[in-house]
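First up is the structure itself, then whatever we jot down about it.
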Amino acid sequence: MKYRQRNTVIKTIALLYRYVFLLAIFIIPLWITKLFYENSRYGFCLWFGIMSILYAAYSLIGYLCKWKHIYCAFQNAYRQEMTPDRINWNKIKKSDAYGIPTIFFALGFMLIIVSFLCM
């Protein structure tokens with residue numbers, strides 16, 4: 001793949017990760033609960049918790065494995081130009097890299113526990 005095309009693909013994946021994956025965290029649980037659950041409130045809590053944990057795991061693994069699209073997503077969040085060819089991981093705040101997944105892990109576990117307690 002050519003250099004310019006590769007950068008375009010990385011930037012596209014970064015934008016999908018940043019916006020579409022977050023939207024899917026809400027839409028997929030809604031869709032699953034409409035199809036399979038009578039009491040949609042607790043089914044939504046369960047699946048929203050699962051999706052939150054998946055998002056947190058993907059974010060953390062992507063940061064630890066130094067995936068380029070994760071770096072570009074952080075650049076997009078910081079309102080910087082995405083540069084997949086010039087990556088400096090030291091510019092990413094540790095509080096962002098570890099804090100956001102921690103929040104989503106905690107949210108996911110709490111929602112799963114609530115859904116099992118209330119079923």
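For reference, positions follow the sequence shown, starting with 1.
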> Passes side chain to side chain contact (heavy atoms under 4.5 Å, CB included), Ser59 versus Ile100? Steps please.
Replying inline: CA-CA 8 Å; Ser59 298; Ile100 294 169; 5.6 Å; no
> Between Ile28 and Phe48, is any pair of side-chain heavy atoms under 4.5 Å apart?
Replying inline: no
>> So, taking the atom named CD1 in Ile70 and the one named CD1 in Ile13, what distance separates them when rounded to the nearest 0.5 Å?
In response: 10.0 Å
> Any idea which heavy atoms bring Ala73 and Ala14 closest together, and the distance?
Replying inline: N-CB, 3.8 Å
> Under a single-linkage definition using a 4.5 Å side-chain heavy-atom cutoff for Ile, Leu, Val, Met, Phe, Trp and Tyr, are Met110 and Ile113 assigned to the same hydrophobic cluster?
Replying inline: no
>> Looking at every non-hydrogen atom in both residues, tell me the closest pair between Lys11 and Met82 and how far apart they are.
In response: CE-O, 3.3 Å
>> Using every non-hydrogen atom in the two residues, find where Ala97 and Leu60 come nearest and quote the distance to one decimal.
In response: O-CD1, 4.2 Å
>> To the nearest 0.5 Å, what is the distance between CG on Leu107 and OG1 on Thr102?
In response: 12.5 Å
> Quick one: CG on Leu16 to NE2 on His69, what's the gap to the nearest 0.5 Å?
Replying inline: 9.5 Å
> Going only through I, L, V, M, F, W and Y residues with side-chain contacts under 4.5 Å, is there a path from Phe21 to Ile103?
Replying inline: no
> Mind checking whether Phe105 and Leu54 sit in one hydrophobic cluster, side chains of I, L, V, M, F, W, Y counted as touching below 4.5 Å?
Replying inline: yes
> Quick one: are Ile87 and Lys66 in side-chain contact, heavy atoms under 4.5 Å?
Replying inline: no
> Between atom CZ of Phe44 and atom OG1 of Thr33, what is the distance when rounded to the nearest 0.5 Å?
Replying inline: 7.0 Å
> Between Tyr98 and Lys93, does any side-chain donor sit less than 3.5 Å from a side-chain acceptor?
Replying inline: no
> How long is the gap from CG on Leu46 to SG on Cys118, to the nearest 0.5 Å?
Replying inline: 12.0 Å
>> Can you confirm whether Trp89 is buried at CH2, in the sense that more than 12 heavy atoms of other residues, nucleotides or ligands lie under 6.0 Å from that atom?
In response: yes
>> Can you see whether Tyr71 engages Thr83 through a side-chain donor-acceptor pair at a distance of less than 3.5 angstrom?
In response: no
>> Before you tell me yes or no, could you show the steps for Asn76 and Tyr19 under side chain to side chain contact (heavy atoms under 4.5 Å, CB included), namely the whole-Å CA-CA distance, both residues' side-chain angles and the distance that decides it to 0.1 Å?
In response: CA-CA 11 Å; Asn76 183 264; Tyr19 298 108; 2.8 Å; yes
> Does one hydrophobic cluster hold both Trp47 and Leu35, with members joined at side-chain heavy-atom distances below 4.5 Å?
Replying inline: yes
> Parallel, tilted or perpendicular: which fits the ring planes of Tyr78 and Phe74, with parallel below 30° and perpendicular above 60°?
Replying inline: tilted
> Could you state the interatomic distance from CZ (Arg6) to NZ (Lys68), rounded to the nearest 0.5 Å?
Replying inline: 4.0 Å
> Got Ile112 and Cys45 here, is their nearest side-chain heavy-atom distance under 4.5 Å?
Replying inline: no
> Does the side chain of Leu22 come within less than 4.5 Å of Tyr55's, by heavy atoms?
Replying inline: yes
> Do other residues, nucleotides or ligands put more than 12 heavy atoms under 6.0 Å from Phe26 CZ?
Replying inline: no
> Is there a side-chain contact between Tyr58 and Phe104 (heavy atoms, below 4.5 Å)?
Replying inline: no
>> Hydrophobic clustering (ILVMFWY, side-chain heavy atoms < 4.5 Å, transitive) - are Leu30 and Met51 grouped together?
In response: yes
